[in-house]
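Take a look at the structure below.
This structure is a prediction, so every number in the text was calculated from the model and none was measured. To find a chain, count down the sequence lines: A is the first, B the second, and so on, and within it residues start at 1. Heavy atoms only: backbone and side chains are in, while hydrogens, waters and symmetry mates are out.
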Amino acid sequence: MHPSRPEKVRFAPSPTGFFHVGSARTILYNWLVARKSGGSLLLRIDDTDAERNREEWVDGIYRAIQWLGLDWDEGPIRQSSRIEQYQSVAFDLLHKGAAYWCDCTREAIEERKAPGTPPGYDGFCRDRGLGQGPGRALRFRVPDGPVIVSDLIRGEVTFPSGSIEDFVLLKSSLAPLYVLANVVDDIDFAITTVLRAEEHLPTTPKAVLIHQALASPIPRFGHLPVLVNEQRRKLSKRRDRVAVEDYRQLGYLPEPMINYLALLGWNPGDDREFFALDELVHAFTLERVGHSPAFFDEQRLLHFNKSYLASLSPAAFATVAHPFVASLIALHAEGEERFVQIAPEVQTRIGTLSELPAMIGFLFHFDPNYQEIVKRLRADDIGYLARVSAALQDLEHFTEEEIETCLRDVAASLATSLRKLQAPIRLAITGAPVGPPLFSSMAILGQDECVTRLDSLYRVASNE
RNA sequence: GGCCCCAUCGUCUAGAGGCCUAGGACACCACCCUCUCAAGGUGGAGACACGGGUUCGAAUCCCGUUGGGGCUGCCA
C-alpha cells in the first residue's frame, strides 16, 4: 500500500493574516504526503513574533483547514509555548562555539559598509568574545564552505561559501527567530520531510547549518513553486483577494477548491482533471510537482466549482445551496417547497452559490423595477402579454407541459416564435431577461401569481 | 547590487533525444441543440523566449543571453 516509509510532515503557518490559498495548497500537499505514506501531519503555529500575531488569525487557520476537509494528526503546537526550549538550544550552540553575541545595531552595520557592497552582516563581532548582555543578539557562526541543499523538487541547490551571513538566532530580547525555532521543532517532533513554499528556499541552508552544528539528522526538504497573481508577483494577503474564507463566502465549495489547488503545481501525468480528495491520495507524488510559479486563476477555479455543482445529486445540491438563499426562502410561506423544485433547474446555471439569490429570488419575493423592465419590451410585446395572460387563465392544469403547449399555440396564432414570445413573459414573471427555465418556474409560481404578474406588467407598459 | 529559483498556447499544463505537422483543460470564437441563460455536442484560433553548442536527430542535454520571480529583517 505504502511504497515509501511513513513520512512525518508538518504544516507551520504563522498567524499574521487571513489564511490564504497558498497556505491551503501547502497543507494539502503535506496532507497528501502524510496520507499516502501512511505517516502523519503535525500542525504547528509559528507565532514566535508576538508583534505580528493575532489570536483571531489562529482561529482562522483551524476553521480554514476544517472547511477544506483536511485535518492534522498531532498538535496544534504553539511555538510561543516553546520559547525556553529554543533558548536552551541556542545556548547549547553558544557553548559549542557555533554562536556568539553581537551588539551591532543595524545602523552600525550600515555605516561600516563601503558604498556599493552588498547588504548583510559583516561578522564584526565574530571574535570579539562578547558575553550576554543588554542589546546583544546571538548570531550563528556560519562556517566556511558551500552549503548544499538537497531538494526533493529541485535537486541539489548549492549556496556558495560566503553567501550566507552570520544570522541572528536570538534577538537581544532573547526572543528566538524562526529559523532556529523551526529547526528545533523539526528535530524535537521528528519531522522527516519539510514541504513548504519556495520563498523559504533561501533560508534552508541556514537550517541545514544549524542541524549540522547540532549533529542532528537533516530532514528532506521540498520547495513548492510560489503562487502568483496576474502581475506574476507572489500572492499577497494585502494586494490580492486570496483568503480561503472569501471564497467560501462567495459560494465556492471545498471539494473543487481542493481539486483546483492540487492541480496548481502538480499534475497526474495524464489528462484527468477531476479528483476527489481520496483519489488524490493515491495519485499524488512529489515527483510530479512542477518547478515554475503558477498563476492562481479564478476562472479556472470557477470551472471546477461549476463542474462540481453540476455533478451533485439534486438533494446534495439543495443542501449546499440552501444557506445561500435561506433568508429569501423564509420570505414566502411555500418557500421551502419552491426552493426544492427550482434547485435542480439552476444547478448547471451557476458558477458559485452566491449567484443564487439573484437568479431565483423572484420565486420568494417579487418587487420588480418596472421602469427598467419596460425599456426592454419591444413593440409587439405588450400585445403578447395580454394574449398570454388570457390564454393562461383558461388552463385546467397549470403544469410545465400544459404551459408550454399553451404558449406554443399562442405563438403560432400570433405568427411569432416561442423564442420571441417568451421574452416579455420572462420579464413579467421573473423581472429579468435571463433566468431559470421559464415554464417550470411558472408552474412553481402557480396560475394566479403568473397571471397577476403578466397583467401587472401589461398595465404598466400600456399606460405609457 | 548579491545569492537562489524558474522559462511550452493568454492561463494551468503533457512532453523525461526520434512516437511532435507539440497533446489536454480553462478562457475565447463559430456552428449545432434550444423557451432565455446555462449544460451538452462539433469545429477553430492559439505556445516550445533568444543565441550557441552536443547529436544522424533537440521542446527535451550543456553553455550563454534575455525575461520573470523569490530572498536579502534582532519577520515568517
Side-chain angles (χ1 to χ4, degrees), chain A residues 12-16 46-49 51-53 79 102 104-106 116-121 135-139 149 151 153-154 157-160 162-165 167-179 181-182 196-205 223 225-226 228 230-234 260 263-274 288 290-304 306-307 310 345-351 359 403-404 407-408 411 417-423 425-427 430 432-441:
Chain A
S14 74
T16 55
D46 280 11
D47 56 356
T48 47
D49 186 358
E51 300 274 305
R52 306 201 317 151
N53 299 143
Q79 287 197 323
C102 167
C104 298
T105 61
R106 185 135 194 88
T117 39
Y121 181 64
R136 291 178 183 178
L138 189 70
R139 285 185 183 271
V149 174
D151 191 277
I153 293 167
R154 286 152 217 288
V157 181
T158 304
F159 295 82
S163 68
I164 305 162
E165 62 179 322
F167 54 93
V168 173
L169 259 12
L170 252 32
K171 299 187 194 180
S172 50
S173 66
L174 297 188
L177 259 5
Y178 119 105
V179 203
N182 269 270
R196 60 210 329 186
E198 189 195 323
E199 63 210 69
H200 295 280
L201 187 50
T203 67
T204 306
H223 289 91
V226 292
V228 299
E230 51 268 86
Q231 280 82 241
R232 290 259 136 208
R233 303 195 139 263
K234 186 176 74 163
Y260 173 61
L263 260 14
L264 240 201
W266 170 84
N267 76 82
D270 57 29
D271 289 342
R272 188 165 176 206
E273 71 166 331
F274 294 111
R288 297 207 62 86
H291 297 186
S292 36
F295 169 53
F296 186 82
D297 187 356
E298 268 186 63
Q299 293 250 53
R300 197 163 158 77
L301 172 62
L302 187 64
H303 160 69
F304 280 98
K306 188 166 192 159
S307 300
E345 303 281 19
V346 294
Q347 203 174 334
T348 60
R349 289 181 161 76
I350 54 170
M359 186 169 287
I403 294 167
E404 176 165 359
L407 294 181
R408 282 187 188 282
S417 64
L418 188 57
R419 180 188 182 84
K420 285 180 179 163
L421 184 65
Q422 63 88 35
I425 304 175
R426 180 180 297 282
L427 284 168
T430 73
V434 299
L438 183 57
F439 310 142
S440 53
S441 297

All side chain to side chain contact (heavy atoms under 4.5 Å, CB included) counterparts of A/Thr348, not counting sequence neighbours | A/Ala310
Sequence neighbours excluded, the answer for salt bridge (Lys or Arg N to Asp or Glu O under 4.0 Å) partners of A/Arg52 is A/Asp49
What string of B, S and - do you get for nucleotides 35-43 of chain B, 5' to 3', if B is base contact, S is sugar-phosphate-only contact and - is no contact with any protein heavy atom under 4.0 Å?
-> BBBBS----
For A/Arg272, enumerate each residue passing the salt bridge (Lys or Arg N to Asp or Glu O under 4.0 Å) test, keeping only those at least two apart in sequence or located in another chain.
-> A/Glu279
Applying salt bridge (Lys or Arg N to Asp or Glu O under 4.0 Å) to A/Asp46 and not counting sequence neighbours gives A/Arg44
Mind checking ring pair (Phe, Tyr, Trp, His ring centres under 6.0 Å) for A/Tyr178 and listing every partner two or more places apart, or none if nothing turns up?
-> A/His200
Go through the structure and list residues passing side chain to side chain donor-acceptor pair (under 3.5 Å) with A/Asn267, not counting sequence neighbours.
-> A/Arg288
Using nucleotides 20-31 of chain B, report all nitrogen or oxygen pairs with the protein that are shorter than 3.5 Å.
from, atom 1, to, atom 2, distance (Å)
B/A25, O2', A/Glu273, OE1, 3.0
B/A25, O2', A/Arg300, NH1, 3.0
B/A25, N3, A/Arg300, NH1, 3.4
B/C26, O4', A/Arg300, NH1, 3.2

Sorted by chain and number, sequence neighbours left out, side chain to side chain contact (heavy atoms under 4.5 Å, CB included) with A/Val346 holds for A/Phe317, A/Ile342, A/Leu356, A/Met359, A/Ile360, A/Pro436
Report which part of the nucleic acid A/Arg288 touches: base, sugar-phosphate, or nothing (heavy-atom distance under 4.0 Å, all strands).
-> sugar-phosphate
Go through the structure and list residues passing salt bridge (Lys or Arg N to Asp or Glu O under 4.0 Å) with A/Glu199, not counting sequence neighbours.
-> A/Lys234
A/Phe167: ring pair (Phe, Tyr, Trp, His ring centres under 6.0 Å) partners, not counting sequence neighbours | A/Phe140
All N/O pairs under 3.5 Å across the protein-nucleotides 67-70 of chain B interface:
from, atom 1, to, atom 2, distance (Å)
B/G70, OP1, A/Lys234, N, 3.2

